[in-house]
Amino acid sequence: MSIDTAKGVLGDATVAELEAALRGTVVRPGDADYDEARSVWNAAHDKHPALIVRCAGTADVVRAVEFARSQDLLVAVRGGAHSIAGFSTCDDGIVIDLSAMKGAVVDPVRRRVVAQAGMTWGDLDHETQAFGLAVTGGLVSSTGISGFTLGGGVGWLLRRHGLASDNVTAAEVVTADGRVVRADPREHPELFWALRGGGGNFGVVTSLEYELHPVGPQVLGGLIFYPAAEARQVITRWREEFDRMPDDLTTLVNLTTAPPLPFLPPEVHGTRVVIVGGMYAGDPAAGEAAVAPLRSLGTPIADVMGPLPYTGMQTLIDPLWTRGAHNYFTSAFIEPSDTAIDAVLRHHLTTPTPRSELHLHQLGGAFARVPAEATAFSQRDSGVLCNVIARSPDTTDFDAHIAWARAARREISRNGHGAMYVNFTGDAAEDKVRASYPEAVHERLVRVKDAYDPTNMFRLNQNIRPSAAA
Ligand code: FAD
């Protein structure tokens, strides 16, 4: 059976030749596992690729890239499949799926791990915590390490150890011309710079090496719920605590609707609440004093903060973030001024669905001390990252929900430089991408793109357009 692609028809023999050259497998339309293989976390993107190449290792990735080039196929690269904008799938092109590549080697003496690109944070935390070590990972354990890290990587260790990308010490990359290169401070240093914040623009990353840190196994963390009626006071007091908070403590405010959790009084279920989340990365006993102010920002409805395993913290909110819903995220780096708080509170009162919410990620600490020019992620000077999330179980009124999120973002972002976090956006528009990087950083990213992907083979991402395609 031949397969239609955006550029022509792929014959059976051509696909069979590709498959014979792989350790992994090829999934195509009509295969029993095609629907499962083409699905991504965000159900808003229901695409039908011509081929999904499930790579078993770097050699398969080289073959898939060469095949895509020879057949002039649109390329989507997939790690954990959590792209909000749906970049890890496509219609009529090829998906280079790395999700079977889950090997990791931890070196506890050097405190390093080399992790293959298909790992999720659940996978990697599992391996590193066996040695009492960790690196900044995502708040939801099913998120892939690769897309997350290439865009930056915000998590509970951010103020103690910076972004995930700040901890990358080397990467193995298959470039658009099928070469395998190592990017580190000595080899391909400009590529190494660009990979840390510039997203999936420069090639297929097959493994990442991270610096690890002693964390856990027990940490102090959790969530404290306050009524929405106290939201202004809670956020204002939270902001006032910033200067006193140690780097070991990273916090987050979530303006949402209370889910029917067993520890919440039934009358609170379905009402708007403000949740203060936090994790203290050091000794849990020492953390009690640090988190004490979080317990008295208002009158808590429920306080579920206490000692727990680090892996427990990393999976705490997993049940709320399962696959299959329709999602749109948009974001802004801001200062938590009174006008920003006003805007956030107003849009909380009009969230279009119970699972739509606004997150305020506290920044600062180690994250802010990384020099702006050290990596392509260059938004180091804002106090807070606001993520506006529209999430609904199906397509009903989804466009209106997106409009709510965009309106909220428009107003809230006036309290910052206009920059977005590329990992927290469902938009691919070029002006949004440009606004995410200072001009000089964007120009440097274009130079790296010109050197490694001059024809824009890797364009399903927050795209840095090469000069030749400008
Ligand atoms: P994928 O969809 O597989 O990849 C996304 C894109 O990244 C791809 O289209 C490609 O352009 C690029 N890419 C992925 N892998 C590679 C590779 N190996 N080589 C080259 N390019 C690649 N972000 C945070 O910072 N902190 C959070 O706590 C957080 N929580 C999240 C929770 C949920 C439920 C979701 C859906 C997202 C969350 N995010 C978070 C955003 C997340 O960082 C991005 O969605 C990220 O792109 C996910 O990476 P992935 O590998 O799972 O995604």
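Numbering of ligands and ligand atoms starts at 1, following listing order. All values derive from a computational prediction rather than experimental measurement.
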How close does the nearest protein non-hydrogen atom get to [atom], and which residue and atom is it?
atom	answer
atom 52 (O) of ligand 1	G144 N, 2.8 Å
atom 53 (O) of ligand 1	H82 N, 3.1 Å
atom 15 (N) of ligand 1	S146 CB, 3.2 Å
atom 24 (C) of ligand 1	F148 CE1, 3.2 Å
atom 51 (O) of ligand 1	G80 N, 2.9 Å
atom 10 (C) of ligand 1	V77 O, 3.6 Å
atom 28 (O) of ligand 1	L139 N, 2.9 Å
atom 18 (N) of ligand 1	V205 O, 2.8 Å

To the nearest 0.5 Å, what is the distance between [atom1] ([X]) and [atom2] ([Y])?
X	Y	atom1	atom2	answer
S146	R78	OG	CZ	12.5 Å
R406	Y328	CZ	OH	4.0 Å
K47	L460	NZ	CG	7.5 Å

Charged tip of R380 within 45° of F367 ring normal and under 6.0 Å: yes
Would you say the side chain of Q362 lies within less than 4.5 Å of the side chain of M245, judging by non-hydrogen atoms? yes
In terms of atom number and element, which parts of ligand 1 are under 4.0 angstrom from non-hydrogen atoms of [X]?
X	answer
F87	9 (O)
A117	18 (N)
F424	23 (N), 24 (C), 26 (N), 29 (C), 39 (N), 40 (C), 41 (C)
N461	11 (O)
V140	32 (C)
G203	19 (N), 20 (C)
G138	28 (O)
R78	3 (O)

Counting heavy atoms only, which of A81, G147, C55 comes nearest to atom 1 (P) of ligand 1? A81
From the options N42, V75, T143, I317, select the one whose nearest heavy atom is closest to atom 30 (N) of ligand 1. T143
Could you check whether F424 and H359 have their ring centres less than 6.0 Å apart? no
Short N-O contact, [X] and [Y], less than 4.0 angstrom:
X	Y	result
R355	E357	yes
R54	E36	yes
R38	D35	yes
E430	R465	yes

Using side chain to side chain donor-acceptor pair (under 3.5 Å), reason through R272 and T351 one step at a time and then give a plain yes or no. CA-CA 9 Å; R272 287 192 168 79; T351 44; 2.9 Å; yes
List the residues meeting side chain to side chain donor-acceptor pair (under 3.5 Å) with T58, not counting sequence neighbours, and say none if there are none. E172
Only counting residues at least two apart or in another chain, list the ones meeting side chain to side chain donor-acceptor pair (under 3.5 Å) with S141. D318
Under 4.0 Å, heavy atoms only, figure out whether ligand 1 is touched by the backbone of [X], its side chain, both or neither.
X	answer
N423	both
L150	side chain
W41	side chain
S88	both
I145	neither

Under 3.5 Å between any N/O of [X] and any N/O of ligand 1: does that happen in this structure?
X	answer
F329	no
G200	no
V154	yes
G79	yes

Could you check H361 against Y421 for side chain to side chain donor-acceptor pair (under 3.5 Å), going step by step and ending with a plain yes or no? CA-CA 12 Å; H361 292 260; Y421 173 32; over 6 Å; no
Test H126 against T311 for side chain to side chain contact (heavy atoms under 4.5 Å, CB included), laying out the working first. CA-CA 7 Å; H126 179 75; T311 50; 6.0 Å; no
For a side-chain hydrogen bond (donor to acceptor under 3.5 Å, both in side chains) with Y210, tell me which candidate from T136, T149, D166 qualifies. T149
Go through the steps to decide whether T251 and W238 satisfy the test side chain to side chain donor-acceptor pair (under 3.5 Å), and finish with yes or no. CA-CA 9 Å; T251 65; W238 171 68; 2.9 Å; yes
What do you reckon, does G155 put a non-hydrogen atom under 4.0 Å from ligand 1? no
Would F202 count as a contact of ligand 1 if the rule is a heavy atom under 4.0 Å away? no
